[in-house]
Every structure is written in C-alpha cells, then in structure tokens.
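Each chain gets a letter, A, B and so on, in the order the sequences are listed, and its residues count up from 1. A quick note: this is a predicted structure, and the numbers were derived from the prediction, not measured.
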Amino acid sequence: MKKIFFPRLFQLLSVIWGVGTLTFILMRALPGDMAYRIAASRYGQDNVSSDAADLVRQELNLDQGAVVTYFSWLKELLQGNLGRSLVSDEPVWQILQHMLGHSLLLASVALFLSFFIAIPLGLLGATFGKKVDQGIVVFSTTIRAMPVFVVGLIFILVFSIHWNWLPVAGFGSPEHIVLPALSLAFTLAAISNRVVRNAAIKAFYAPFYRFAQIKGLSSGRTFLRHGSRHIALPVVAFLGIQLVGMIEGIVMIESLFSWPGIGHGLAHAIFARDIPVIQGAALLMGILFVVLNTLVDLVCYRLDPRARRQA
Amino acid sequence: MMVSLLKHATFGQKCGGLLLLVLLAFALFGNGLAPNDGAYQDLDAILAPPSETHWLGTDHFGRSMVARMADAIRLSFMLGVLCVVTSSIIGVSLGVWAAWSGKKVDAVLNVFVNILLALPGLVIVLLFAAIVPGSFFVLYLAISLVQWVEYFRVVRAVTKTTVDSPAMQSSQMMGFGRWYLFKRHIWPAIAPSVFTLATFGCATAILTMASLGFVYVGMQPPLAELGLMMVELFPYYSDAPWLLAEPLIAIALLVLGFHLLGRKSS
C-alpha cells in the first residue's frame with residue numbers, strides 16, 4: 001500500500017508547486033499593464049482611468065519584488081488560500097465548488113456510457129470472427145481520428161441543428177447532458193473497446209478458461225467465474241492511462257457545450273486573464289487527476305491477488 | 001533504406017503515408033490554386049460556394065479558402081514536425097542516459113518525469129498559452145515539454161533490457177566504444193517504438209494546437225489555424241456548411257494519416 005500512496009503524495013505536492021509557479025510566472029509576465037486590465041474588467045472599459053488602475057495595483061500588491069512575492073505566493077497556496085476572482089470578486093473556492101459538481105457529473109455519466117459502448121463492442125470483436133472485428137476496427141479508427149470537439153460538433157450539427165432533438169448547449173435539464181456525455185463517451189470507447197477485446201481474447205484462449213469449459217461449465221458461468229475478472233484488470237488499468245484523455249476531453253467538451261464545469265471555467269479564466277481562477281481550476285484538475293489515478297491503482301490492487309501477495 | 005522501409009510497411013501504413021503526402025503537397029503548393037493569398041479580402045464574393053476561381057469557396061470576409069486551408073495545414077505540419085523532432089531528441093537521449101549511466105541520473109530524471117506526469121498535458125499547455133497568448137513558439141515549447149516524457153519512459157525501459165542483454169555485454173567486453181554500442185544495439189531496439197511514438201506525438205501536437213484554437217486561447221486571428229477556423233466559420237453553418245466541413249475534414253485526415261502511419265501490424 002505504501003508503494004501506491006507515497007509516489008502519489010509526491011505528485012500531489014508537485015502539482016501544487018507546478019501550478020503555483022506557472023501561474024506566478026503568468027502573473028508577472030502578462031503583457032500590458034495588468035492593473036489597468038483588471039480595473040477595466042471590474043469597472044467596464046469606459047469607466048477605467050489610471051487612478052483606478054493604481055488603486056488595483058495597491059490592493060493586489062502588484063509592485064513588490066519578484067522573489068519575495070514568489071514565496072508568499074506559494075505559502076498562500078499551501079495554506080489553501082486561493083483568493084478571489086479578479087472579475088467577479090467571488091471567492092475562488094466557491095466558484096470551484098460549483099464547477100466541480102458539474103464536471104464530476106459529466107465525467108461519471110460519460111465514463112458510464114463509455115463502458116456501455118466499449119464492453120459490448122470489445123466482447124463482440126473477441127467472440128465473432130474476423131469480419132465483425134474488422135468492422136469495429138474501422139469504426140474505432142474513424143472516431144479516434146476525430147478530436148473530441150469535432151465529434152461533439154458533429155453531434156450538435158446532426159442532433160440539435162438538423163433534427164432539433166436535443167438542446168445545443170447549456171445545462172439544467174437531463175437532456176442537456178446527453179450530447180456532451182455521449183461525445184466524450186464515444187471518444188473514450190473508441191480506444192478502450194480495443195483493450196477490452198485484447199483482454200477478452202487473452203482470457204478466452206487461456207488454458208484455465210479452456211479447462212473450465214471442458215469440465216462442463218455453461219458458457220455464461222465460465223465467463224462470469226473465470227473470464228470477467230481477468231478482463232476487468234487490464235481495462236481498469238487502462239482507465240488510468242485514459243484519465244489524461246478524459247480530463248483533456250472535459251476541457252474541450254465543456255467549452256463546446258457551455259457546460260459550467262472546471263474545463264469551461266479554466267478556458268474562460270484564461271481568456272479573461274483571471275489569474276486566481278486559472279490557478280484554482282488548474283490546481284483542482286491536477287489534484288483530481290492524482291486522486292483518480294490513486295483510485296485506479298487501488299482498484300487494480302483489489303482486483304489482482306498477485307499484486308497483493310507482492311506487497 | 002527507403003525501399004526496405006516500403007517493403008516492411010503494412011497496407012495501413014502505406015495508406016497513412018500517402019494521405020500525409022497528399023496533405024503535405026496541398027499545404028506546400030495549395031496557395032498556387034488560389035487567385036490571391038490567404039489575407040486578401042474579396043468583399044464582393046463573401047461565403048461563395050466552391051467554384052472555378054475559388055476551389056473551396058470563400059469565407060465570411062471573402063478570403064480564399066484554398067489559400068487559408070493550405071496555410072493552416074502547413075502551420076499544423078510545422079508544429080507537429082518541430083515538436084516531434086525536439087521532444088524525441090530530448091526524450092531519447094535522456095532515456096538512454098538514464099538507463100545506461102547508473103542510478104543517480106535515473107533518480108533525478110525520474111523526479112522530473114513524475115512532476116510532469118502529475119498534470120494532464122493539455123492543462124500544462126493551456127497554462128503556457130495563458131502566459132504568452134497567441135505565440136506559436138510558446139505553444140511549441142509547451143507541447144515539446146509535455147511530450148518528451150513519453151519517449152523518455154519507453155526508451156529508458158527498452159534500453160535497460162538491452163544493456164543487460166548478452167549480445168550487448170559481449171560487445172562491450174570486446175571493447176567497442178559507446179557510440180558503436182548505441183548504434184549497433186540500442187538504436188535498433190528502440191527505433192520501432194520511437195517511430196510509433198513520433199507519429200502519434202505528431203498527431204497529438206496538431207490536435208493540441210487545434211484544441212487551443214477552438215477554445216480561443218491559442219493562435220489568434222487573422223492567422224489561419226484549423227481549430228480557430230472552426231470557431232470562426234461555425235456561425236455561418238446554415239449559409240455555408242461546406243466551409244465548416246473543410247477544417248473538420250482536414251484535421252480528421254491529418255490525425256488519421258499519422259495514426260495509420262504509426263500503427264504496427266495488429
């Protein structure tokens with residue numbers, strides 16, 4: 001167990017340091033007068049004067065030395081003090097809390113759907129002959145060639161604009177989650193169905209599986225008792241690899257569908273140069289990434305008795 | 001060498017290579033098909049459908065889409081190739097170094113790798129793009145920074161087994177130099193993986209730039225960039241659906257080409 005937690009804890013710390021440092025550089029290296037820009041976003045482009053900019057500069061300590069500010073910046077971060085949004089003046093924690101719920105909802109629905117697509121497809125490819133498998137390969141390759149936002153865009157064009165079945169963007173009703181979750185699920189499933197297929201073939205042709213069949217178990221029972229866990233292990237392990245794609249997909253899909261999650265928040269904050277929110281959103285994503293990776297490790301540990309014996 | 005490469009390529013790899021060659025040719029010479037360059041606005045012919053003068057139509061400013069698509073694809077190729085060259089050189093040399101030169105180097109490099117792996121690549125690139133918006137160079141730097149890690153990990157793992165192999169150890173005992181050992185033993189072992197990583201890395205780099213353009217934090221207008229063009233042309237979908245289709249198809253073909261080229265026979 002120590003082997004799982006210790007490196008992850010180190011990663012968690014490096015997330016905080018990395019995001020903190022990058023956002024600090026961002027803060028210092030911003031082109032143009034930052035105080036003026038913030039004042040403009042607060043009071044409106046027409047009402048901003050250099051007096052207002054000076055006021056902001058004092059309020060946010062924008063004129064101190066670089067090294068001093070860097071350490072106080074990191075210290076604040078380690079204390080969990082993320083500050084307030086430069087645009088809306090809300091506490092960043094509050095904004096993040098709101099966004100996190102939406103992102104987790106979208107991610108879990110998408111993941112669930114992707115299993116629903118990938119597992120039957122993979123098993124289909126493993127059990128029915130070469131023709132079916134090749135068809136699935138063509139399907140997977142086509143979907144993989146398209147970035148997730150292109151899949152989403154095509155779904156919008158077909159289901160919302162052409163047929164008018166589902167809303168284009170936004171959130172609130174259950175219908176709003178269908179398209180974003182489905183586009184994310186398709187991209188994830190396009191890769192993971194291959195993993196399911198390979199794992200299934202490996203299990204189906206293993207000696208122990210043959211033996212179970214020969215001793216007279218029904219095919220359903222053989223699959224449940226001897227196949228399912230063997231197939232589950234590589235699929236869950238692959239989930240850890242897919243997490244990167246998942247989080248990147250969420251950034252894109254949320255921006256496309258105006259889903260009010262972290263990814264949408266991050267893209268918007270970058271566009272508006274709202275540094276505390278950029279920092280908070282990137283930090284939350286990094287932490288989420290590390291935590292989910294740890295979860296995947298733990299599930300693999302539970303599934304695989306060999307790993308437990310070693311530890 | 002080229003002949004033997006062609007002989008060993010699978011059907012899918014040949015298709016991918018051909019597709020990329022066609023796209024590259026279009027990127028390099030596509031400007032010649034347009035009456036003007038990509039910045040020229042012909043305001044009498046806005047949102048024109050494909051015709052003899054404008055092969056792919058014109059956009060909402062009356063700019064020739066042939067020229068703009070060629071510019072955008074050329075930019076994507078440039079970024080992809082630059083990122084692959086940079087990240088593979090860094091990743092391969094550090095990977096071989098870490099596997100071959102004892103534990104200290106390995107430990108230090110592993111700390112770096114773990115830090116980089118703690119954040120999803122796109123988030124790192126987004127943060128860099130936030131620091132210097134609309135800069136091709138910073139985008140290239142950020143993507144290379146994210147991508148060398150993959151080469152490093154694979155090369156390090158393969159090199160470790162090669163260094164311990166009897167073949168290489170006997171070579172070493174016969175007194176061959178380091179460069180010879182690398183050329184004769186390590187490079188042949190890592191080359192296939194590096195090639196696969198390079199093709200997929202190229203596709204990812206192109207995708208990343210398009211993604212950033214798509215959320216409007218990457219390249220800035222009036223530059224022709226595939227992701228940015230999708231956003232710009234989306235509002236005109238009902239008047240000119242073919243315009244939106246062009247960047248979509250281009251990015252899908254680019255990624256497909258690199259994926260096909262990189263896949264080993266299954």
A.B. asks: Looking only at heavy atoms and a cut-off of under 4.5 Å, which of B:Pro247, B:Ser211, B:Ala252 has the most pairs with chain A?
C.D. replies: B:Ser211

A.B. asks: Are a donor atom and an acceptor atom from the side chains of B:Asn114 and A:Ser14 found within less than 3.5 Å of each other?
C.D. replies: no

A.B. asks: Looking only at atom types and distance, does a side-chain atom of A:Glu254 sit under 3.5 Å from a main-chain N or O of A:Ile262, one as donor and one as acceptor?
C.D. replies: yes

A.B. asks: Can you label the angle between the A:Phe186 ring and the A:Phe155 ring as parallel, tilted or perpendicular, going by 30° and 60°?
C.D. replies: perpendicular

A.B. asks: Please report whether the ring centroid of B:Phe112 lies less than 6.0 Å from that of B:Phe152.
C.D. replies: no

A.B. asks: Would you check if the side chain of B:Thr199 reaches a backbone N or O of B:Thr196 as a donor-acceptor pair within less than 3.5 Å?
C.D. replies: yes

A.B. asks: Need one label for B:Leu116: side chain, backbone, both or neither, based on atoms under 4.5 Å from any heavy atom in chain A.
C.D. replies: neither

A.B. asks: Side chain, backbone, both or neither: which part of A:Phe289 has a non-hydrogen atom closer than 4.5 Å to chain B?
C.D. replies: side chain

A.B. asks: For B:Phe258, which atoms come within 4.5 Å of any heavy atom of chain A: side chain, backbone, both, or neither?
C.D. replies: neither

A.B. asks: Determine the option with the most heavy-atom pairs under 4.5 angstrom with chain B, choosing from A:Ile247, A:Ile278, A:Leu153, A:Val290.
C.D. replies: A:Leu153

A.B. asks: Side chains of A:Asp133 and A:Arg194, heavy atoms from C-beta outward: is any pair under 4.5 Å?
C.D. replies: yes

A.B. asks: So for B:Ala210, is it side chain, backbone, both, or neither that comes closer than 4.5 Å to the heavy atoms of chain A?
C.D. replies: both

A.B. asks: Side chain, backbone, both or neither: which part of A:Arg144 has an atom under 4.5 Å from a heavy atom of chain B?
C.D. replies: both

A.B. asks: In terms of heavy-atom pairs under 4.5 Å, which option from A:Leu266, A:Thr141, A:Thr142 contacts chain B the most?
C.D. replies: A:Thr141

A.B. asks: Using non-hydrogen atoms and a 4.5 Å limit, figure out which bit of B:Val231 sits close to chain A: side chain, backbone, both or neither.
C.D. replies: neither

